[in-house]
Amino acid sequence: TGLQIKGVSEDRIFDLPPLTENEFIPDTTKNVATREMVARNPSISMYADCYLEFDPRAEVGILLGLDCGDLLYSSTDQRTTPFVHRTYLGYAVVGSICPLAKVASQKPSVALRTAMVLDHDHFATTDCFTKPISRDVFEGHSDDELGGLSREDAKFLDIMRQIHINEEGHLEAPLPLKENVKRMPDNWVAVFRRQKTSLERLKRDPVKLDLCVEAMQKNLDMKHVEKIDDDGNRNEMTWYIPVFTVTHPKKKKIRLVFDSAAAYRGVSLNSSLLSGPDQNNRLREVLTRFREQRTAFVADVESMFHAFHVNVEHRDLLRFYWWDDNLPEKPIVTYRARVHIFGNTSSPAVAILCLRAAARSDISGIHPDLLPYVEAAREYIISHFYCDDGLGTAASSEDAIGILSTARTLLSNFKIHLHKIISNCPRVLEAFPISERAAGYDVEFTDAPTHRTLGITWDVTSDNFIIKIDVPKRPFTRRGL
């Protein structure tokens, strides 16, 4: 830069390195040691004449950093504070020079370390904002309602980068275990006793028993669970989960649920798993987009959690007890799940991330007639799903058929079944086999029942949302009211 510097009472002149202008150099004139201050301190008063008279009009105009070389040299003869330092630009004091001042009443001092050169070895500046800052504080943005990621959520997403395709063609993901989980308590005895009692109780209800056996047989046929040899074959990362039945109050459907929240010695599987951030689309947005265009359609992912497999090394954390060969008259043996199960706190987020990974997959093998609908199908899977229900919309019946067909193809590449198709357009239903439509719907819409999706009742015939009030029957008492 050609700039030079020298002390007021010094003879030597120094060349300065390249400088950068800055309007915010901190004002440290209050920390300048004056001749009067030095003279009043007995231990350094002999140096008072070395200090200049203080000029209150003087301003801090330059900061000297590590790249100033010889200018940083100093020497001192003191062994205790305060230290008088001789520099090439003059004298300075390090330490308190007011011995009578009370430390408690002093304001804390701040050390400032600044690098002014943008390409400095240890410091670099970058723009914090890639776009101009909006002056309208009420301007809306797409991420306004999204919460920031916690440390555990960020760890969960990092683990989910391991989603891959296994040898059977399914998407496979690990169980997102917390970092401190290295060993699980041996809970097989406690779970065996609980499960034995539950199964004995289940035998007393023949109707529920048949439904449960049917549900478990489906899991066995689909290879969602497998029987294993449990003769002492346990390690530090083995866990047993109680299984119980849940009946849907309206659908009267029996579901086998794994009690992953069951604790043993203060530990449960769910307490050892990262639940992950909420990956669901906003319900209000899904319902609003559902009726943006003329043709509406709904589809459902069959057994969504079970569509995605668990890494082999984590499957022993999903052991449970059931009847041998699924026959109630046989003894209880050990099984384990091969898929992400209903009951794990991590399953919802894992399933949604896997579903979106399938949507973004390679499109090789897709029929040429469906290529124009690939992006719309991906958008449908990624942005129009809430849990396992996809609510889509299209400008015409042809577009709706193309989007649904392409979405089914993208997902079927990973053995994910998109079915239970419903639409307000008969042509859309007619394009798919009866087995792929929701039960009770035909292309004529003759006495078609209303369809309940995401808590909203949709009259497909009239294409209207309906509010149904279900008043429970209770006794006319204060408690009943």
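Just so you know, these numbers come straight off a predicted model, no measurement behind them. All values below come from the heavy atoms of this structure, side chains included, with hydrogens, waters and symmetry mates left out.
A salt bridge links R315 to E172: one of the charged nitrogens lies within less than 4.0 Å of a carboxylate oxygen. Taking a cutoff of 4.0 Å between a charged side-chain nitrogen and a carboxylate oxygen, K155 and E152 do not qualify as a salt bridge. Ion pair R161/D158 flagged as a salt bridge, since at least one NZ, NE, NH1 or NH2 atom sits closer than 4.0 Å to an Asp/Glu carboxylate oxygen. Under 4.0 Å is where a charged nitrogen must lie from a carboxylate oxygen, and between K182 and E236 no such pair does. The pair E168-R338 meets the salt-bridge criterion, since a charged nitrogen lies less than 4.0 angstrom from a carboxylate oxygen. With salt bridges taken as basic N to acidic carboxylate O contacts below 4.0 Å, none links K420 and D389.
Because its NZ or CZ atom is both nearer than 6.0 Å to the ring centre of F342 and within 45° of the ring axis, R255 counts as a cation-pi partner of that residue.
Taking the six-membered ring where the residue is Trp, the centroids of Y321 and Y335 are separated by 6.0 Å or more. Note: F258 and F320 meet the aromatic proximity criterion, with ring centroids under 6.0 Å apart.
Looking at F414 and I165, their side chains come closer than 4.5 Å, going by heavy atoms from C-beta outward.
Between the side chain of N281 and the backbone N or O of V286 there is no donor-acceptor pair closer than 3.5 Å. Side chain of D388 to backbone of M304: no donor-acceptor contact under 3.5 angstrom is found. No donor-acceptor pair closer than 3.5 Å links the side chain of D316 to the backbone N or O of M237. For the pair D259 (side chain) and V243 (backbone), a donor-acceptor distance under 3.5 Å is absent. A donor-acceptor distance shorter than 3.5 angstrom exists from the side chain of R289 to the backbone of S383, with no hydrogens or angles considered. Side-chain atoms of S412 never come within 3.5 Å of backbone atoms of K415 as a donor-acceptor pair (strictly under, hydrogens ignored). Using a distance-only test at 3.5 Å, with no hydrogens or angles considered, a donor-acceptor pair links the side chain of N326 to the main chain of V213.
Donor-acceptor pairing under 3.5 Å is recorded for the side chains of S260 and N344.
N311 pairs with exactly one of E313, H309, H314 by the side chain to side chain donor-acceptor pair (under 3.5 Å) rule, that one being E313.
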Distance-only check: which donor-acceptor pairs under 3.5 Å involve side-chain atoms of residues 261-268, not counting sequence neighbours?
| residue | atom | partner | partner atom | Å |
| --- | --- | --- | --- | --- |
| S268 | OG | S271 | N | 3.1 |
| S268 | OG | S271 | OG | 3.3 |

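Residues forming a ring-ring contact (aromatic ring centres under 6.0 Å, His included) with F297 (at least two apart in sequence, or on another chain): Y380.
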Given E302 and H419, is the side-chain hydrogen bond (donor to acceptor under 3.5 Å, both in side chains) satisfied, shown in steps?
CA-CA 7 Å; E302 182 182 11; H419 67 154; 4.6 Å; no
